[in-house]
Amino acid sequence: MTDVRVRFAPSPTGPLHMGGVRTALYNKLFAMAHGGTFILRIEDTDQGRFVEGAEAYIEEALAWCGLTPDEGVRSGGDCGPYRQSERTSLYRDAIAQLLERGWAYEAFDTPDELDALRKAAEPEVWQYDASTRGTLKNSLTLGAEEVAALKAQGAPCVVRFKTPETATDIQLVDAIRGEVTFQSNILDDKVLMKADGLPTYHLANVVDDHHMRISHVIRGEEWLPSAPLHVLLYRAFGWEHPVFAHLPLILKPTGNGKLSKRDGDAGGFPVFPIDWHDPTSGDTWPGYREQGYTPEAFVNMLLMLGWNPGDERELFSLQEAAQTFSLDRVVKSGARFNPDKAHWFQAQHLRGAGPQAHVMPLQAVMASRGVNWDQAQCLAVLDMMLERVTFLTDIANTSWLVAAPAQFDAKLVRKKWKDDTSRLLKDLASELQRLDIFSSDAVEACFTAFLEARELGFGQVLLPFRIALTGEGGGPSMFDFSAFLGQEATLSRLADGLAAIEAIRSQTEGS
RNA sequence: GGCCCGUUCGUCUAGGGGUUAGGACGCCAGGUUUUCAUCCUGGUAGCAGGGGUUCAAAUCCCCUACGGGCUACCA
């Protein structure tokens, strides 16, 4: 096999969304699996839709996901420049070649004129194609002098592809879908070069893929309809076309259609890998990174949305995935995105990495909230909490970890408190006060002895103890948590908690 | 409208002529746990419909329906 070279070619018209990230992922994985090269090419030929910051966003998002390109604007490489706006001479040469060989022609029809034609034809669909081009203003119908005159006047001019008049089948073998056939006569004469002198996607794409020696074009299904045009273009140039693989789309979790950026709002999930600050509206769109997802979890979730290894494994690192990834195991149908499953992947990756792995990140998260825990404290908290949370931020949001509870679950208090409960906890407090070493084991031993001496069950004292210290009925081992708080804080929380709870109880009785 | 792609539990999917149609998420139940969560065990639920081909069809073919994409001087 020739060298595998694949590219991800987004256009900097806005933030990359998760569908785009998945396309990049599959490209990267395919390159990794074959010892190939993953290229990032910026398709910035539409100056009208250019968005400031979008290119930087793309690079940063890919980097966060671990999908760093081997070649690209930042990474460099032999086939640069990697921005299409910097490759215009290549496209001009290509156009000259096509014009010379009769595969393209110049057209002078204005957008308004074409719009009018389309309007007039309604409800039929009007196309600029082999059947209509003979009646329009182009270098095929106009004389050479007239064309020259128009150009001399500076009349706007585009170059269109001259689709073959004779209807033939255009067949291509898609690596995911198998054989796909199109009738050539349904194709229209696509604009290859716009009036501003910049190429359209079709031209730039084919020219760059050829010059960058791309072996496999792995892209979204939305490109399948233009694949026959691309095949024709390769033929016109006399180039061999790469292998095509059209990926299924990611669909909305509910309702119809492909996932779009507005869906996140309604569904309460991010659509973008990292936060996007829209420079024109000033809006911020949430990203998976800022939601607390680890890149490994995010990428794993994306991986399984349209691909599977053929066995029952679901949890993969990038390297593991690269070892089994293949295009023929990509699913053909669109995949509805499921936020619940994204959650599950995150929880799996969080726990799978173990407490130690999250010490520094947790320390940073806490610091950003004004809580300065040392590494030992972070580790202790992770040991207690990792299996109870999905995100590290869930820990930061657990307020009783940092401060005595401001709220107590009144219903729970009413249910669990007997008349002697507070008395018991006060007795327990004096026992705890006597401890010289306040470790988890020591607290547990003290507790057990306390219960045995009074012939009490765990539930009668432990749950009230928990409620007094956390305000809630669930959470980690109270022995661990007491040790984490330390003797002084434990006792003061207990005393304050009891006071607050007594207030609740007397209120309840009074009403 | 036209062209192209697709359709297995609610969702992601395995299965490609003979399977009790498998797994995962979710949900429900039980167990473990001082509690919650984790974990374990079990349950729930599916081949879009109709015609063929075949001894035999989720699987191959055709039609229909439905879903999706494209149909710009956007990518």
Side-chain angles (χ1 to χ4, degrees), chain A residues 9-14 43-46 48-49 84 107 109-111 114-115 118 122-125 127-128 156-160 174 176-178 180-183 185-188 190-202 204-205 219-228 246 248-249 251 253-254 256-258 301 304-315 329 331-345 347 351 384-390 412 416 444 447-448 451 457-463 465-467 470 472-479:
Chain A
S11 126
T13 53
E43 308 227 329
D44 56 347
T45 56
D46 185 356
R49 292 206 308 158
Q84 291 187 326
D109 320 86
T110 65
L114 297 176
D115 275 352
R118 291 194 178 98
E122 277 173 12
E124 302 288 294
V125 174
Q127 269 194 177
Y128 206 124
C157 166
V158 302
V159 178
R160 285 179 182 272
D174 184 281
I176 294 167
R177 283 149 216 283
V180 184
T181 309
F182 299 85
Q183 284 287 314
N185 60 333
I186 59 111
L187 264 28
D188 62 341
K190 279 273 181 287
V191 169
L192 261 21
M193 184 167 276
K194 299 175 274 188
D196 62 8
L198 289 173
T200 58
Y201 172 84
H202 307 292
N205 194 260
R219 67 206 334 179
E221 192 183 354
E222 69 269 28
W223 294 110
L224 192 50
S226 50
H246 291 93
L249 266 16
L251 275 17
T254 55
N256 298 333
K258 65 173 174 179
M301 178 273 287
M304 299 311 284
L305 218 49
W307 176 85
N308 69 80
D311 53 39
E312 275 157 10
R313 288 175 295 164
E314 289 198 274
L315 266 13
R329 294 215 65 91
V331 170
K332 296 180 183 70
S333 49
R336 235 178 235 283
F337 170 64
N338 181 349
D340 278 340
K341 190 109 188 203
H343 240 244
W344 178 80
F345 276 111
R351 282 166 214 150
M384 291 189 285
M385 299 298 291
L386 205 58
E387 293 194 332
R388 289 161 226 277
V389 297
T390 301
L412 201 59
K416 295 295 170 186
E444 182 168 6
F447 225 96
T448 312
L451 293 176
F458 266 97
Q460 288 167 274
V461 188
L462 200 51
L463 193 59
F465 181 60
R466 175 188 298 285
I467 297 167
T470 69
E472 291 174 6
S477 152
M478 284 311 289
F479 310 130

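Residue numbering restarts at 1 for every chain, and letters A, B, ... go by the order of the sequence lines.
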Quick one: label [X] by what it contacts on the DNA or RNA (base, sugar-phosphate, nothing), any heavy atom closer than 4.0 Å.
X: A/Asn256; result: sugar-phosphate
X: A/Gly257; result: sugar-phosphate
X: A/Ser477; result: base
X: A/Asp109; result: base
X: A/Tyr201; result: base
X: A/Pro199; result: sugar-phosphate
X: A/Pro156; result: nothing
X: A/Thr110; result: base
X: A/Gly306; result: sugar-phosphate
X: A/Ala335; result: sugar-phosphate
X: A/Met478; result: base
X: A/Val331; result: sugar-phosphate
X: A/Thr13; result: nothing
X: A/Pro123; result: nothing

Gap in Å between the two [atom1] atoms, one belonging to [N] and one to [M], rounded:
N: B/A21; M: B/C61; atom1: P; value: 23 Å
N: B/C70; M: B/C63; atom1: C1'; value: 24 Å
N: B/G26; M: B/G17; atom1: P; value: 34 Å
N: B/U44; M: B/A24; atom1: P; value: 14 Å
N: B/G18; M: B/A75; atom1: P; value: 48 Å
N: B/U41; M: B/U32; atom1: P; value: 15 Å
N: B/U7; M: B/G46; atom1: C1'; value: 12 Å
N: B/G15; M: B/C47; atom1: C1'; value: 11 Å

For the [atom1] atom of [X] and the [atom2] atom of [Y], what is their distance to the nearest 0.5 Å?
X: A/Thr200; Y: A/Met193; atom1: OG1; atom2: CE; answer: 8.5 Å
X: A/Met301; Y: A/Lys341; atom1: CE; atom2: NZ; answer: 11.5 Å
X: A/Gln127; Y: A/Leu187; atom1: CD; atom2: CG; answer: 8.0 Å
X: A/Thr45; Y: A/Lys194; atom1: OG1; atom2: NZ; answer: 4.0 Å
X: A/Asp46; Y: A/Thr13; atom1: CG; atom2: OG1; answer: 8.0 Å

For [N], does OP1 or OP2 lie under 4.0 Å from any side-chain N or O of [X]?
X: A/Arg49; N: B/A75; value: no
X: A/Asn308; N: B/A14; value: yes
X: A/Thr45; N: B/A75; value: yes
X: A/Lys190; N: B/C74; value: no
X: A/Arg329; N: B/G15; value: yes
X: A/Lys194; N: B/A75; value: yes

hbond_proxy A/Lys341 side chain to B/A24 base (donor-acceptor, 3.5 Å cutoff):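 Side chain to base: pair found, below 3.5 Å.
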Any N/O donor-acceptor pair, A/Arg466 side-chain to B/U35 base, under 3.5 Å: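 When only heavy-atom distances are counted, A/Arg466 does reach the base of B/U35 through a donor-acceptor pair under 3.5 Å.
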Any donor-acceptor N/O pair, A/Arg336 side chain to A/Leu251 backbone, under 3.5 Å: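 Here the side-chain-to-backbone pair does not exist.
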Short side-chain to backbone donor-acceptor contact, A/Asp44 and A/Pro12, under 3.5 Å: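 It does not hold such a pair.
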Atom [atom1] of [X] to atom [atom2] of [N]: distance rounded to whole Å?
X: A/Phe182; N: B/G69; atom1: CZ; atom2: P; answer: 16 Å
X: A/Leu224; N: B/G68; atom1: CG; atom2: C1'; answer: 12 Å
X: A/Ile176; N: B/G69; atom1: CD1; atom2: C1'; answer: 15 Å
X: A/Trp344; N: B/C27; atom1: CH2; atom2: P; answer: 14 Å
X: A/Arg336; N: B/C12; atom1: CZ; atom2: P; answer: 7 Å
X: A/Glu387; N: B/A37; atom1: CD; atom2: P; answer: 13 Å
X: A/Leu192; N: B/A72; atom1: CG; atom2: P; answer: 15 Å
X: A/Glu221; N: B/C4; atom1: CD; atom2: P; answer: 14 Å

Between [options], which nucleotide has the shortest distance from any of its atoms to the side chain of [X]?
X: A/Val180; options: B/C36, B/C5, B/A75; answer: B/C5
X: A/Ser333; options: B/C36, B/A75, B/U7; answer: B/U7
X: A/Thr200; options: B/G22, B/C3, B/A75; answer: B/A75
X: A/Arg388; options: B/G69, B/C25, B/A37; answer: B/A37

Evaluation steps, salt bridge (charged side-chain N to carboxylate O under 4.0 Å, His left out), between A/Glu221 and A/Lys258: CA-CA 11 Å; A/Glu221 192 183 354; A/Lys258 65 173 174 179; over 6 Å; no
Complement of [N], any strand, by Watson-Crick or G-U distances under 3.5 angstrom:
N: B/G17; result: none
N: B/A57; result: none
N: B/C25; result: B/G10
N: B/C70; result: B/G2

5' priority, RNA chain B, between A/Phe337 and A/Ala9 [closest heavy atom]: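 Here A/Phe337 is the residue nearer the 5' end.
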Given RNA chain B, 5'-ward residue of the pair A/Arg177 and A/Met193, judged by closest heavy atom: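 Mapping each residue to its closest nucleotide by heavy atoms, the 5'-most match is A/Arg177.
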Heavy-atom closest contact (A/Ser477 atom, A/Arg388 atom, distance):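 Minimum heavy-atom contact is N-NH2, 4.4 Å.
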Anti/syn call for B/G69, syn if |chi| within 90°: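 For B/G69, whose glycosidic angle is more than 90° from 0, the conformation is anti.
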Geometric class of the A/Phe479/A/Phe458 ring pair [parallel <30°, tilted 30-60°, perpendicular >60°]: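 Correct class here is perpendicular.
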